[in-house]
Peer 1: 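Can you read through this structure? Questions will come right after.
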Amino acid sequence: MRIVRETGLSMTVELGELTVTMLSDGETALPVDRLCGPHGGAWADLAGADLVDGKLRLPVRAFLVRGEEGCLLIDTGAGSAWHASLGRLGEAMAEAGVGANEVTAVALTHTHVDHLSGLVDREGGLAFPNAMQVFVATEELMAFRAEPRMIPVQSRLVPLEQGDGPLRGVSAINAPGHSPGHMAFLVEGRMLIWGDIVHHAAVQFAWPKVTWSFDEDQAQARATRAVLMDQAVAAGWIVAGAHLPGAGIGRVERAGPAYAFRPLAR
């Protein structure tokens, strides 16, 4: 595995027959009470937290997996539906040398606003017109169909289940808790693109029982995070996350009873 290209908004990693490109959709910040303690209420220990004007830094990312059989975009950013500092996916793709027409399929880790909204452009049309399949977890199809902005995409929906392969070399892994059908994607058996397993790395690796206020099932989110962090360490997986720091790609390491995140670097 090696880094083959890096720009301000992107980083491309070579993994066997596939490449994975991190695409930054921008960055925002949210109130510190988004972090929740294991017994309820806001998490009070913010030592080491990554703060911007007293708020938690929140990068937003998507990932592009490219191989001979196609080009799979995992998540699509916030588009114009959330904070004004987001919606930079198109810029990131341009920096990475990828055109919107090259995307042949899209898979969502889940259906929250900062993951699905980039499927449509500012005029409400298809942002990726050649993506004939949009994979969404079965448990979240209803939520997707209930979103009026996603009407242009409805005919391209494909239900996604554990073990499905939206592109050869990519396998879906159930990772529920943050949302009912939250999915992670294992690429070449070496990199786990895990969506929203971690929102604020500076706190949640050291304190993995800390959850996020938008986790729909706090206990399940906590359990899933513990399982995937353990698996990443045991298997030696690289992990890639929508809200991880640096370029959003790195390794999970043991740090006493908890963990640490080591961003990937040349």
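When reading the values below, keep in mind they use all heavy atoms of this one structure, side chains included, and skip hydrogens, waters and symmetry mates.
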Peer 1: Nearest 0.5 Å please: distance from the CG atom of L30 over to the CZ atom of F214.
Peer 2: 6.5 Å
Peer 1: Quick one about H112 and E216 (side-chain donor to acceptor, distance below 3.5 Å, no hydrogens or angles considered), yes or no?
Peer 2: yes
Peer 1: Are F185 and W194 co-members of a hydrophobic cluster defined by side-chain heavy atoms under 4.5 Å apart?
Peer 2: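 W194 and F185: separate clusters.
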Peer 1: For E161 and T138, test the side chains for any donor-to-acceptor distance below 3.5 angstrom and give the result as yes or no.
Peer 2: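 Yes - a donor-acceptor pair under 3.5 Å links their side chains.
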Peer 1: Using 30° and 60° as the class limits, which term best fits the ring planes of H178 and H110: parallel, tilted or perpendicular?
Peer 2: perpendicular
Peer 1: For C71, does its backbone N or O pair with a side-chain atom of T104 as donor and acceptor, under 3.5 Å?
Peer 2: yes
Peer 1: To the closest 0.5 Å, what do you measure between CZ (R34) and OG1 (T211)?
Peer 2: 12.5 Å
Peer 1: Take H115 and T76 through the test side-chain contact (heavy atoms from CB on, under 4.5 Å) and record every step on the way to the result.
Peer 2: CA-CA 5 Å; H115 297 262; T76 65; over 6 Å; no
Peer 1: Extract all donor-acceptor atom pairs below 3.5 Å that involve side chains of residues 14-21 and protein atoms in other chains or at least two apart in sequence.
Peer 2:
{"from": "E14", "atom 1": "OE1", "to": "R2", "atom 2": "NE", "distance (Å)": "3.0"}
{"from": "E17", "atom 1": "OE1", "to": "R168", "atom 2": "NH1", "distance (Å)": "3.3"}
{"from": "E17", "atom 1": "OE1", "to": "R168", "atom 2": "NH2", "distance (Å)": "3.4"}
{"from": "T21", "atom 1": "OG1", "to": "T12", "atom 2": "OG1", "distance (Å)": "2.8"}

Peer 1: Does the R5 side chain pair with the main chain of M11, one donor and one acceptor, at a distance under 3.5 Å?
Peer 2: no
Peer 1: Taking atom types as modelled, find out whether R88 and S24 have a side-chain donor-acceptor pair closer than 3.5 angstrom.
Peer 2: no
Peer 1: Shared ILVMFWY cluster between V198 and V210, side chains joined below 4.5 angstrom?
Peer 2: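 No, because V198 and V210 fall into different hydrophobic clusters, even though each may have its own neighbours under 4.5 Å.
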Peer 1: Flag yes if L56 and V203 sit in one hydrophobic cluster, no otherwise; membership is Ile, Leu, Val, Met, Phe, Trp, Tyr, and two members link when side-chain heavy atoms are under 4.5 Å apart.
Peer 2: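 In one cluster: yes.
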Peer 1: Please walk me through it: do Q162 and I173 pass side-chain contact (heavy atoms from CB on, under 4.5 Å)?
Peer 2: CA-CA 5 Å; Q162 163 89 11; I173 295 176; 4.3 Å; yes
Peer 1: Has E123 got a side-chain atom pairing as donor or acceptor with G125's backbone, closer than 3.5 angstrom?
Peer 2: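 No, because the side chain of E123 does not come within donor-acceptor range (under 3.5 Å) of the backbone of G125.
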Peer 1: Could you tell me whether the side chains of T224 and Q220 share a donor-acceptor contact shorter than 3.5 Å?
Peer 2: yes
Peer 1: Any idea which heavy atoms bring A81 and S117 closest together, and the distance?
Peer 2: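 Heavy atoms only, the tightest pair is CB-OG, 3.5 Å.
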Peer 1: Side-chain heavy atoms nearer than 4.5 Å, only ILVMFWY residues, links allowed to pass through others: does that put M191 and I3 together?
Peer 2: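 Yes: a chain of side-chain contacts under 4.5 Å links M191 to I3.
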Peer 1: Give, for atom CG of L244 and atom CE of M22, the distance between the pair rounded to the nearest 0.5 Å.
Peer 2: 11.0 Å
Peer 1: Quick one: CE on M229 to CH2 on W237, what's the gap to the nearest 0.5 Å?
Peer 2: 13.5 Å
Peer 1: Contact between Q133 and R156 at the side-chain level, heavy atoms closer than 4.5 Å - yes or no?
Peer 2: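 With C-beta onward as the side chain, the pair stays apart.
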Peer 1: Tell me the closest heavy-atom pair linking V252 and V233, and the distance in Å.
Peer 2: O-CG2, 3.5 Å
Peer 1: Strictly distance-based, threshold 3.5 Å: is any side-chain N or O of E253 a donor or acceptor partner for the main-chain N or O of R262?
Peer 2: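 Pair absent, no side-chain N/O of E253 close to backbone of R262.
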Peer 1: Ignoring hydrogens and geometry, is there a side-chain-to-backbone donor-acceptor pair from E140 to T111 under 3.5 Å?
Peer 2: yes
Peer 1: Evaluate D230 against Y259 for side-chain contact (heavy atoms from CB on, under 4.5 Å), listing each step before the verdict.
Peer 2: CA-CA 9 Å; D230 279 345; Y259 306 88; 2.4 Å; yes
Peer 1: Tell me whether R190 is salt-bridged to E188, with the criterion being a basic N under 4.0 Å from an acidic carboxylate O.
Peer 2: no
Peer 1: Check whether any side-chain N or O of D75 sits under 3.5 Å from a backbone N or O of G77 as a donor-acceptor pair, and report yes or no.
Peer 2: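 Pair absent, no side-chain N/O of D75 close to backbone of G77.
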Peer 1: Return the CG to CH2 distance between L35 and W207, rounded to the nearest 0.5 Å.
Peer 2: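 Nearest 0.5 Å value for the CG-CH2 distance: 13.0 Å.
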Peer 1: Please give the remaining members of the hydrophobic cluster of L9, linking ILVMFWY side chains under 4.5 Å, ordered by chain and number.
Peer 2: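 The other cluster members (ILVMFWY side chains, heavy atoms under 4.5 Å, direct or chained): none.
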Peer 1: Restricting to non-hydrogen atoms, name the atom on P166 and the atom on V170 that form the minimum distance, rounded to 0.1 Å.
Peer 2: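 Heavy-atom minimum between the residues: CD-O, 3.7 Å.
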Peer 1: Side chains of D114 and H83: is there a donor and an acceptor less than 3.5 Å apart?
Peer 2: no
Peer 1: Just how far is it from atom CG of D164 to atom CZ of F135, taken to the nearest 0.5 Å?
Peer 2: 7.5 Å
Peer 1: Taking all atoms of both residues into account, what is the closest heavy-atom pair of A49 and A202, and its distance?
Peer 2: CA-CB, 4.0 Å
Peer 1: Going through the checks in order, is the side-chain contact (heavy atoms from CB on, under 4.5 Å) test met by Q204 and H199?
Peer 2: CA-CA 8 Å; Q204 288 183 289; H199 286 82; 3.7 Å; yes
Peer 1: Quick one: does any side-chain atom of D215 pair with a main-chain N or O of G177 as donor and acceptor, under 3.5 Å?
Peer 2: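 No; zero donor-acceptor contacts below 3.5 Å.
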Peer 1: Under the 4.5 Å side-chain heavy-atom rule for ILVMFWY, direct or indirect, which residues accompany V103?
Peer 2: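 For the cluster that includes V103, the remaining residues are L23, L64, L73, L89, M93, V98, V106, L108, L116, L119, V120, L126, F128, V134, V136, L141, F144, M150, V153, L157.
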Peer 1: Is there a side-chain contact between L51 and K55, using heavy atoms and a 4.5 Å cut-off?
Peer 2: no
Peer 1: Going by atom types only, do H182 and D196 share a side-chain donor-acceptor pair under 3.5 Å?
Peer 2: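 No.
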Peer 1: Determine yes or no for a side-chain-to-main-chain donor-acceptor pair under 3.5 angstrom, with T7 supplying the side chain and E95 the backbone.
Peer 2: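 No: the side chain of T7 does not pair with the backbone of E95.
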Peer 1: If only atom types and distance count, is the side chain of R225 paired as donor or acceptor with the main-chain N or O of P208 below 3.5 Å?
Peer 2: yes
Peer 1: Measure across T109 and G195 and return the closest heavy-atom pair with its distance rounded to 0.1 Å.
Peer 2: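 Scanning both residues, the minimum pair turns out to be CG2-CA, 3.8 Å.
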Peer 1: Show the nearest heavy-atom pair for residues F63 and G241, with the distance to one decimal.
Peer 2: CZ-O, 3.6 Å
Peer 1: For residues I74 and L167: do they belong to one hydrophobic cluster (side chain heavy atoms under 4.5 Å, members Ile, Leu, Val, Met, Phe, Trp, Tyr)?
Peer 2: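 Linked, I74 and L167 end up in one cluster.
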Peer 1: Examine distances only and state if a side-chain atom of R222 and a backbone atom of K209 form a donor-acceptor pair shorter than 3.5 Å.
Peer 2: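 A pair under 3.5 Å: yes.
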Peer 1: Does atom CE (M1) have a neighbourhood of more than 12 heavy atoms from anything else shown, all under 6.0 Å?
Peer 2: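 Counting neighbours around CE of M1, more than 12 heavy atoms of other residues, nucleotides or ligands fall under 6.0 Å, so yes.
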